[in-house]
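The structure appears right after this line, and notes come after that.
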Amino acid sequence: MNDTVIGHIGGSAGKEVRLKGWVYNFRSSGKIAFLILRDGTGFIQCVLVKGEIGEEYFELAKTLQQEDTIEVAGKVAENPRSPGGYEIAMTSLRIINQFRGEEYPIQKKDHGVDFLLNNRHLWLRSKMQFATLRIRDEIVKAIRDFFYEREFILIDSPIFTPTAPEGTSSLFATDYFGENAFLSQSGQLYQEAGAIAFRKTYCFGPTFRAEKSKTKKHLTEFWMIEPEVAFADLDDMMTLSEDFVCYVVGRVLEKKKEELKILERDTSDLENIKAPFERITYKQAVELVNKGGLPMKFGEDFGADEEDIVSRNFKKPVFIHRFPRSIKPFYMEADPEDGDLVLNMDLIAPAGYGEIIGGSQRMYDLDRLKEEMKKAGLSEKDYHWYVDLRKWGSCPHAGFGLGLERTVAWITGIEHIRTAIPFPRTINRLNP
RNA sequence: GCCUGAGUAGCUCAACGGUCAGAGCGGAUGGCUGUUAACCAUUAGGUUCGGGGUUCGAGUCCCUGCUCAGGCGCCA
């Protein structure tokens, strides 16, 4: 008899195996019972027939409740009546842990969001969370593979930072031995240093925004992937972005079929995600919004409704590029064709999942950068090291940032970003 | 921060200003040989979010505080 896990059960068809795991559900009839076992790698139905497993084990099984820890043994059989295609004809049962006195809070029925999030440490065991977070894991692996295969060097940006790239109102301040330190809201500026040292770099870490955003696409702590490439321009970044997104989607489709099925994700949308993506200018996007019936003017940014109108014109993610400088940060390179515009791009995911990528070509001329910093009210002293990058070895370069959780939410098709991360941090949630 | 809505059993929800606040799930007990959130029977389980008010009478109406949800703004 072999010890195995549910994720590999197909390789043991017809054989006796032993599994350790937890009771997900138990249904008993007079002389037959069905036990759904979960072991972290999957879910499988175990069948107990009183006449075959014997009175002693059958009576023991009747004491089982959700989340009891057990070891079962039995023969693996293919059976179309069983969810998952395989089931275990049980021959023995051993109880490893049973807690009595309080009921397990999470049932196989509807619960409120607040209740579930208060019990997030237990909710992780449920099937939907199992599927979502395993897909997140695959996406993370695909991201690292994508950049590794393209010879990007991982240069971790710091989490504690002395200054902010995009204003200080949305920063979490901490006490750093008597000084103010802020939790990073972007690793980009450090990647610019990295790109000039290593040519192609990226960082992948948590970022923090103290915005009081209360929507289904905001977290206060989220993970971001930020590549930066020396001698690259805006078009290079759009090409890299679309290759990147297609690579990640392709990987999930290839490796996570079961999980997508659990989530009832319509995969035909995802199969359609192939490069190239449409690239429209900010001006064209504004026209689309106006045609869609909203009175947006040049110089305004896209709100939720405006973004929705743009994305509904396309089946795939769509690039919007060349925004007005007035609504974008200081470090973006000017459009040589029109000085009021910058060489930036946003990638908008389909179906209202919002902006998943924001990127730009960076300003590399020392004097013009200083001028833009002055206009933005930033002190050159605070950014002395960033300014240094424009003194020695300055070159055109570009990069972007991809929000991991928005990408996970879009690919898995879940309603709200809060379940795209194991332990979400939102405006009014710090626990568990 | 703004707008709208909600808070009743462990959970999900009912209950016209008027008798003892009900049901399903979960728990307990019993029954049932192919269940898919199994089913059937019996049973235990309540500070109706906190504070104040109106009323003969408040879960229900009013004021106030707290919490949550949906949406907006800000952003990835």
Side-chain angles (χ1 to χ4, degrees), chain A residues 24-36 43-53 58 62-63 65-67 77 79-84 87 89 100-119 122-123 126-128 165-167 169-171 185-188 206-226 300-308 327-329 346-349 352-359 400-410 415-418 420-421 426-429:
Chain A
Y24 194 64
N25 196 19
F26 184 76
R27 290 182 285 273
S28 140
S29 200
K31 289 168 187 160
I32 188 167
F34 302 91
L35 163 66
I36 307 289
F43 298 78
I44 196 165
Q45 174 162 282
C46 306
V47 183
L48 299 86
V49 177
K50 196 175 187 176
E52 288 166 23
I53 195 172
F58 198 83
K62 279 188 179 173
T63 72
Q65 282 177 22
Q66 205 177 352
E67 294 306 314
N79 192 326
R81 284 179 294 184
S82 184
E87 63 180 24
R100 293 294 180 269
E102 273 174 67
E103 296 150 30
Y104 183 67
I106 298 180
Q107 304 175 15
K108 298 193 72 182
K109 52 171 290 220
D110 292 336
H111 290 289
V113 170
D114 191 41
F115 173 81
L116 287 171
L117 285 172
N118 284 335
N119 289 286
L122 304 175
W123 189 24
S126 301
K127 224 170 189 173
M128 294 290 190
E166 297 172 26
S169 62
S170 59
L171 287 166
Q185 60 174 351
S186 165
Q188 178 204 315
T207 51
F208 307 87
R209 307 247 170 127
E211 292 152 3
K212 296 196 169 172
S213 305
K214 194 183 165 312
T215 80
K216 56 183 171 187
K217 42 191 175 196
H218 286 85
L219 296 165
T220 56
E221 176 180 317
F222 66 99
W223 287 64
M224 201 153 54
I225 298 88
E226 295 173 279
E300 293 173 347
D301 211 342
F302 301 93
D305 294 342
E306 289 80 8
E307 198 176 82
D308 201 47
I327 54 172
K328 286 293 164 185
D346 285 352
L347 183 67
I348 312 298
Y353 286 96
E355 183 187 340
I356 50 173
I357 282 181
F400 66 82
L402 172 130
L404 177 65
E405 288 76 14
R406 283 190 187 176
T407 305
V408 171
W410 164 52
E415 264 298 299
H416 199 294
I417 197 170
R418 62 192 158 214
I421 187 167
T426 57
I427 175 170
N428 43 27
R429 181 166 297 279

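All chains are named by letter (A, B, ...) in the order of the sequence lines, taking the proteins before the strands, and each is independently numbered beginning at 1. Computed from a predicted structure; not experimentally measured.
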At 4.0 Å (heavy atoms only), tell me whether [X] reaches a base, stays on the sugar-phosphate, or touches nothing.
X: A/Thr407; answer: nothing
X: A/Phe115; answer: sugar-phosphate
X: A/Gly354; answer: nothing
X: A/Asp346; answer: nothing
X: A/Gly51; answer: nothing
X: A/Asp110; answer: base
X: A/Glu102; answer: nothing
X: A/Thr215; answer: base
X: A/Ile357; answer: sugar-phosphate

Tabulate protein N/O versus nucleotide N/O from nucleotides 1-7 of chain B, keeping only pairs under 3.5 Å, one per line.
residue : atom : partner  : partner atom : Å
B/rG1   : OP1  : A/Lys212 : NZ           : 3.4

Taking [M] as the reference, what is the distance to [N] when you measure between their [atom1] atoms (whole Å, please)?
N: B/rU48; M: B/rG30; atom1: P; answer: 34 Å
N: B/rU29; M: B/rA14; atom1: P; answer: 32 Å
N: B/rA9; M: B/rG46; atom1: C1'; answer: 6 Å
N: B/rU64; M: B/rG22; atom1: P; answer: 33 Å
N: B/rA15; M: B/rC61; atom1: P; answer: 12 Å
N: B/rG71; M: B/rU54; atom1: C1'; answer: 34 Å
N: B/rC62; M: B/rU55; atom1: P; answer: 16 Å
N: B/rU47; M: B/rG10; atom1: P; answer: 7 Å

Looking only at N and O atoms, is any donor in the side chain of A/Arg406 or the base of B/rC75 less than 3.5 Å from an acceptor on the other one?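 For A/Arg406, whose side chain was compared with the base of B/rC75, there is a donor-acceptor pair (under 3.5 Å).
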Quiz question: going by heavy-atom distance under 3.5 Å, is there a donor-acceptor pair between the base of B/rU12 and the side chain of A/Gln107?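 By the distance-only test, no, there is no pair.
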Atom-to-atom span, NZ of A/Lys62 to P of B/rA28 - whole angstrom: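 Spelled out: NZ on A/Lys62 to P on B/rA28 is 13 Å.
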Starting from the 5' end of RNA chain B, give me the residue, A/Glu87 or A/His111, whose nearest nucleotide shows up first.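 Result: A/His111.
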Quick check on RNA chain B: between A/Ile417 and A/Glu306, whose nearest nucleotide comes earlier from the 5' end?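 Taking each residue's closest nucleotide, the earlier one in sequence belongs to A/Glu306.
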Which nucleotide in the set B/rA28, B/rC72, B/rG70 lies at the smallest distance from any side-chain heavy atom of A/Asp305?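 Between B/rA28, B/rC72, B/rG70, the one nearest the side chain of A/Asp305 would be B/rC72.
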Between A/Arg418 and B/rG70, does any side-chain N or O lie under 4.0 Å from OP1 or OP2?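 Looking at the OP1 and OP2 atoms of B/rG70, one of them is under 4.0 Å from a side-chain N or O of A/Arg418.
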[N] pairs with which nucleotide, Watson-Crick or G-U wobble, both distances below 3.5 Å?
N: B/rG5; value: B/rC68
N: B/rA41; value: B/rU29
N: B/rG18; value: B/rC56

Under the criterion of centre distance below 5.5 Å and interplanar angle below 30°, is A/Phe222 classified as stacked on the base of B/rA76?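 So A/Phe222 counts as stacking on the base.
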Take atom NZ in A/Lys62; do more than 12 heavy atoms of anything else shown fall under 6.0 Å from it?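 Enclosed.
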